[in-house]
Amino acid sequence: MSQALPPLELRRAAPDDLLRIENLMQFYNYDLSQWTPVPFGDNGLYQLRPKAPYWAQPGVHPFLIHIDQQLAGFAVVDDETQEADTDHNMGYFFLARGYRGRGLATHAAGEVLQRFPGRWEVYHLLVNTPAAEFWPEVIRHHAEGEIQREPRLIHEDPCVLYRFNVAARGGLA
């Protein structure tokens, strides 16, 4: 018998939440550094590209993930796609390690996808084996029709790019 998941809330980030997401990006980069070099700055923190211009783009949609009313991670949907016929890209997706392995990340990622019907791209570093197990399962559950998977060099890193459609579902927008 499977245990019920704790309550999960995907909350659209307000402007004063953006610094909170940038702080969480330190942990995102820590996890990412297992798969690709992510250097520290002189201050001992990972160097982030300035995010204000990114947050200001109309196609960028940041979210905070709360589990049991506790901040647990973030997701960002953007329109920085590899192909012109794509509507949405999963710019960032992060769930803190203490919440992983219980289906919560799968649930949160699915919630993000369902909020944005249309043509999607999701990619991960080729060497990121947990992502290689995670994303195909999430995508299979939410995609309608064909799922394209291809190796692609993205930001000079070997990646796997998934392209798929998510259909509109009543009441989930």
Min side-chain heavy-atom separation T129-W35 under 4.5 Å: yes

Side chain to side chain, Q70 and Y99, heavy atoms closer than 4.5 Å: yes

Any side-chain heavy-atom pair of Q69 and H66 under 4.5 Å: no

R149, CZ atom: more than 12 neighbouring heavy atoms under 6.0 Å: no

Non-hydrogen side-chain atoms of R97 and D31 separated by less than 4.5 Å: yes

Side-chain donor or acceptor of R12 paired with backbone N/O of H61 under 3.5 Å: no

Heavy-atom closest pair, residues E9 and R11: OE1-NH2, 3.0 Å

Hey, can you pull the donor-acceptor pairs under 3.5 Å for the side chains in residues 44-54, sequence neighbours left out?
from, atom 1, to, atom 2, distance (Å)
Q47, NE2, N43, OD1, 3.4
Q47, NE2, L45, O, 3.4
K51, NZ, Y92, OH, 2.6
Y54, OH, D78, OD2, 2.6

Test applied, side-chain contact (heavy atoms from CB on, under 4.5 Å); reference residue, W120; option that passes from T81, L113, D87: L113

Student check: side-chain heavy atoms of D68 and P7 closer than 4.5 Å: yes

Side chain to side chain contact (heavy atoms under 4.5 Å, CB included) between V60 and W55, worked out: CA-CA 6 Å; V60 173; W55 299 133; 3.9 Å; yes

Within-4.5 Å side-chain heavy-atom neighbours: V122 and V138: no

Partners passing ring-ring contact (aromatic ring centres under 6.0 Å, His included) against F93 (at least two apart in sequence or in another chain): F134, W135

Side-chain donor or acceptor of H88 paired with backbone N/O of P117 under 3.5 Å: yes

Check: H124 and Y162 side chains under 4.5 Å, non-hydrogen atoms: yes

Qualifying residues under side-chain hydrogen bond (donor to acceptor under 3.5 Å, both in side chains), relative to R152, sequence neighbours excluded: E83, E150

Residues that T36 engages under side chain to side chain contact (heavy atoms under 4.5 Å, CB included), provided they are two or more places apart: L32, V38, L125, D157

Beyond-backbone contact of L153 with C159, side-chain heavy atoms, under 4.5 angstrom: no

ring-ring contact (aromatic ring centres under 6.0 Å, His included) against H142, all qualifying residues, sequence neighbours excluded: none

E144, CD atom: more than 12 neighbouring heavy atoms under 6.0 Å: no

Side-chain donor or acceptor of E121 paired with backbone N/O of T86 under 3.5 Å: no

I154: hydrophobic cluster co-members (side-chain, 4.5 Å): Y123, L161

